[in-house]
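So you know, we letter chains A, B, ... as the sequences are listed, proteins then strands, and number each from 1.
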Amino acid sequence: MSIAKTYLPKEAEERWYKYWLDNNFFRSVPDEREPYTIVIPPPNVTGVLHMGHMLNNTIQDVLIRRARMKGKNACWVPGTDHASIATEAKVVAMLKERGISKKDLTRPEFLDYAWEWKEKYGGIILEQLKKLGASCDWERTKFTMDDNLSEAVIDTFIHLYKKGLIYRGIRMVNWDPQGKTAVSDEEVIRKEVNQKLFYIKYSIVGSSDFLTIATTRPETIMADAAICINPHDERYTHLHGKKAFIPLINREIPVILDDYVTMDFGTGCLKVTPAHDLNDYELGLKHNLPVIDILNDDGTLNAKAEILVGEDRFAARKKIAAMLEEAGALDKVEEYKSQVGFSERTNAVIEPKLSMQWFCKMEEMAKPALDYVLNGDIKLIPEKFINTYRHWMENVKDWCISRQLWWGQQIPAYYLPNGQYVIAKTIEEALELAKEQTQNPQLTAQDLTQEEDVVDTWFSSWLWPISVFDGFKDPDNADINYYYPTNDLVTAPEILFFWVARMIMAGHEFRGQVPFKNVYLTGIVRDKLGRKMSKSLGNSPDPLDLIEKYGADGVRVGMLLSSPAGNDLMFDESYCLQGRNFYNKVWNAFLLVKGWEVDDSLSNPNAVAINWFDSRFNQALIEIEDDFSQYRLSEALMATYKLVWDDFCAWYLEMIKPVYLQPIDRETYTKTIAFFENILKILHPFMPFITEELWHDELFGERDMLDSCIVAQLPINGEINSRLLTDVESVKQIITQVRSIRSGKGMSPKEALPLFVKANSGIDYLLYKAILTKLANLSELNLVADKVAGASSFLVLTDEFYVPLNENIDVEAEKERLQKEKDYLIGFLKSVNAKLTNERFMSNAKPEVIEAEQKKRADAEAKLNIIEEGLSGLAN
RNA sequence: GGGAGUUUAGCUCAGCUGGUUCAGAGCAUCUGCCUUACAAGCAGAGGGUCACUGGUUCGAACCCAGUAACUCCCACCA
């Protein structure tokens, strides 16, 4: 059992990261080079690295490092998002632990705690990104509540208000009773939930009749304003105009008619609860019904409920069911599945709630944002998302931008004593405006109160590509002029709408330009059973553990190996293992080359191998470039993987490697090192750590330290000798065939075999004698004019190969093999001939297709000839 | 309910404008090897009714229609 050679030591990752930082590799300032810019999708400041981040940031790092190596001025701007609800919730929880209640704090006191929290825990995720090797320009790190970024939020709010795009109004909004704030439609996650459908009897006033309604929310009956039935529903029309008693509280409500009610759902009767359901609200408006809001902001029942006051809505639901049962008003209860909205940030069940909020009109801004994508100014990768994007942009609704929180940018609205308000950046400006508006010069700042609400977090992150370059305060500064529009945005499809689309709107609105040219939408990371990774399932590996186990390079390669754009990625640790094995392979190839001793007196016997690999490398490079240009990162990586593992290690190094302990000639040595350098260059974006480590070895000579990352200038249009490439493919086949014969006969690889060639194709196999001899382990290689009797044989193209063995060959088996091949060729020729004699084929097919078929026929005929000769030879 | 997407080897995926009668890759599997770079490896091998049914075509994994299964997005049926 041999002991595995070591791979990249763990401390090396930290060492090289520090080296990059110390040498300012990631630092970017505007210069005369072409810029390449990515702004990071800012992770929540409360967040810790998860697998989605790993994928996302690996992709960004590959793109940015590649651009940097190609000589562009690559700038990756990192930062975090203040995430109002999530952060405020964490701070409240922290305060609770310390025995402090948010209620007892003033706004500034609370914010002090929040900042304290942010300073303490806010940088964790960015530190984690460094472990992955992320080459961000850390000096540019931004936070969505940095002074300039917050100021930009206020300025844009005022700008949009002045433009008439922001308004205030009472609307039914999605209320998060846990965060005690409104959230936007996009922040509501609908999930199917098993519920109960309660059938409740409402007795008709002045009669023994009753109506039964079905509801999932019996706790809201106290907020009922009417019972609605379909005007065509003959079961109930006689009750129209009558009144019914709400059970338990015995309040009278009217029975009304509306087409909205579906006759065949439930009982065909609908309880109308305008305060707690959007449809009911609209129905209420239509029928002029009162709005009775029985819920407090935290989801408990208020005094208007009359009963169960102070109880939580879910507790109340259970209790009221029991009470109804006792009162004989509960007809039955059925199991029922329905969609329930949950808060994206707190996971609380969303309550539709009528409240005064601030809104941003979207329609006007959506149009140009849609056009950018439709006309290709912004490319979505993969393209299939264009449809979804279009659908959303064409049906866009106004955006509720106010949040009843403290952590965030406070809305710059100031209320006057008369209830009116003014919008201004400062209280001084507000006072001036207020005096003007009220014609009252006596007003003082004390008369004004600023709006308590803050804006939605997305109202700051939609400015991100501009605000990170300070493009609001100073719209003509050197950074924004140089870096904006940015190049690629890499993000998850789930935030296409509430982030990507809005950034495009903001880009147009505030700079008249797209914010980025390409949007690469990654897949969702799932486990290998296809389940989304989540804390509750416990199926998400800790990325830092993976890095510990497989190395950052291994994990990066693992993430990329199976993540085509837009397709979800079924993550499995075995990919990381494959990544680790890969960089270990590179490491070992390095050890091999490193161990060679050069003898300058030797001449170079490897010209063919060197020329071949040179061509092969240039060919692969074109393929890799092409994959990258189409953002096919996993394919680019796989092409690189095969080039390195198969072509370089398995074939090239085996071709040229000298016998153990023998020296190598200078030319082969130099060329091989040059190849290796190129390989390190193409590997670097994928595996920055090991390539950096190897790059600095003395094997590759003295070099300017700073050059080590900027390894540009690959021979993109290098020469490709295609004849050599195809001939070597034949040579490889010959080698495989000989090995296969050996393995089929149970012979040791050490046993050398003779090989006789009857070359019909014109390939000069003597050119490849050294390679064939070495890799196929031949005792001799001879060209012959005639068939060799009694030998194992095989065909490559139309060339015949004979391996005489000591034992006699099995004539019958050989006959059978040849016969099989003959049958195949005959069938094949039949099909080719069928085409070539088909008039329609000849007249419809493209000339090059016909030509190809003709060549196929000629080749097959030649082969058939050889096989027939072989067969007749055996017959004798 | 509306829209989009997927279905190719055990697994994850390629397959560009339709053009071989072995439909490709990586991983996994099987067999043989501790051959002095690498057992985290080397050599060899096996593995597929391209979801199903029809159609168009000289020719279909690819185009069209239908069916089935799965996934995602959007949507107010209590």
Over all strands shown, is [X] touching base, sugar-phosphate only, or nothing at heavy-atom distances under 4.0 angstrom?
X      : value
A/R632 : sugar-phosphate
A/S748 : nothing
A/L270 : base
A/C649 : base
A/F590 : nothing
A/G827 : base
A/Q630 : nothing
A/V272 : nothing
A/S338 : sugar-phosphate
A/R526 : sugar-phosphate

Figure out the [atom1]/[atom2] separation between [X] and [N], and round it to whole Å.
X      : N      : atom1 : atom2 : value
A/Y641 : B/rA25 : OH    : P     : 14 Å
A/I229 : B/rA78 : CD1   : P     : 20 Å
A/L577 : B/rA28 : CG    : C1'   : 12 Å
A/E351 : B/rC76 : CD    : P     : 16 Å
A/R580 : B/rG41 : CZ    : C1'   : 12 Å
A/M393 : B/rA4  : CE    : P     : 19 Å
A/K750 : B/rU35 : NZ    : C1'   : 6 Å
A/Q662 : B/rA37 : CD    : P     : 12 Å

Side chain of [X] only, please: which of [options] is the nearest?
X      : options                : result
A/Q578 : B/rU17, B/rC27, B/rA25 : B/rC27
A/T215 : B/rC73, B/rA78, B/rC27 : B/rA78
A/R739 : B/rC58, B/rC38, B/rA43 : B/rA43
A/W645 : B/rA45, B/rC42, B/rG19 : B/rC42
A/T216 : B/rA45, B/rA78, B/rA25 : B/rA78
A/F265 : B/rU21, B/rC74, B/rA78 : B/rA78
A/S743 : B/rG5, B/rA37, B/rG44  : B/rG44
A/K585 : B/rC74, B/rC38, B/rC76 : B/rC38
A/T388 : B/rG19, B/rU20, B/rC73 : B/rC73
A/N581 : B/rG41, B/rC74, B/rG19 : B/rG41

Considering only the [atom1] atoms, how many Å lie between [N] and [M], rounded to the nearest integer?
N      : M      : atom1 : value
B/rC52 : B/rA69 : P     : 15 Å
B/rC62 : B/rG1  : P     : 29 Å
B/rU8  : B/rA14 : C1'   : 10 Å
B/rC50 : B/rA45 : P     : 25 Å
B/rC58 : B/rC72 : C1'   : 41 Å
B/rG55 : B/rC73 : P     : 38 Å
B/rC13 : B/rA65 : C1'   : 28 Å
B/rG2  : B/rU12 : P     : 30 Å

Between A/T668 and A/N606, a side-chain donor and acceptor under 3.5 Å
yes
Strictly by modelled atom types, are A/Q619 and A/R616 linked by a side-chain donor-acceptor pair under 3.5 Å?
yes
Report yes if a side-chain nitrogen or oxygen of [X] is closer than 4.0 Å to either non-bridging phosphate oxygen (OP1 or OP2) of [N]; otherwise report no.
X      : N      : value
A/K657 : B/rA37 : yes
A/Y336 : B/rA78 : yes
A/S843 : B/rC58 : no
A/R217 : B/rC76 : no

State, with a plain yes or no, whether a side-chain heavy atom of [X] is found less than 4.5 Å away from one of [Y].
X      : Y      : answer
A/D280 : A/L270 : yes
A/I229 : A/L257 : yes
A/L496 : A/W392 : no

Mapping A/S740 and A/D646 onto RNA chain B by nearest heavy atom, which one lands closer to the 5' end?
A/D646
Closer to the 5' end of RNA chain B via nearest nucleotide, is it A/K271 or A/S574?
A/S574
Over 60° means perpendicular and under 30° means parallel, so classify the ring planes of A/F582 and A/W645, tilted if in between.
parallel
Mutual orientation of the aromatic rings belonging to A/F571 and A/Y575 [parallel < 30°, tilted 30-60°, perpendicular > 60°]
tilted
Looking at the base of B/rC58, is there any donor atom on it, or on the side chain of A/N838, that sits under 3.5 Å from an acceptor on the other one?
no
Apply salt bridge (Lys or Arg N to Asp or Glu O under 4.0 Å) to A/E821 and A/R817, showing your working.
CA-CA 6 Å; A/E821 210 162 326; A/R817 188 179 67 80; 3.7 Å; yes
Evaluation steps, salt bridge (Lys or Arg N to Asp or Glu O under 4.0 Å), between A/K271 and A/D277:
CA-CA 11 Å; A/K271 76 194 226 9; A/D277 184 280; over 6 Å; no
Closer than 4.0 angstrom, basic N to acidic O: yes or no for A/K196 and A/E334?
no
Convert the base pairs of RNA chain B into dot-bracket notation, remembering that pairs crossing earlier ones are written with [ ] and that bases paired across to another strand are shown as |; include only Watson-Crick or G-U pairs under 3.5 Å.
(((((((..((((.....[....)))).(((((.......))))).....(((((..]....))))))))))))....
In terms of heavy-atom contacts, does CD of A/E383 have more than 12 from other residues, nucleotides or ligands at under 6.0 Å?
no
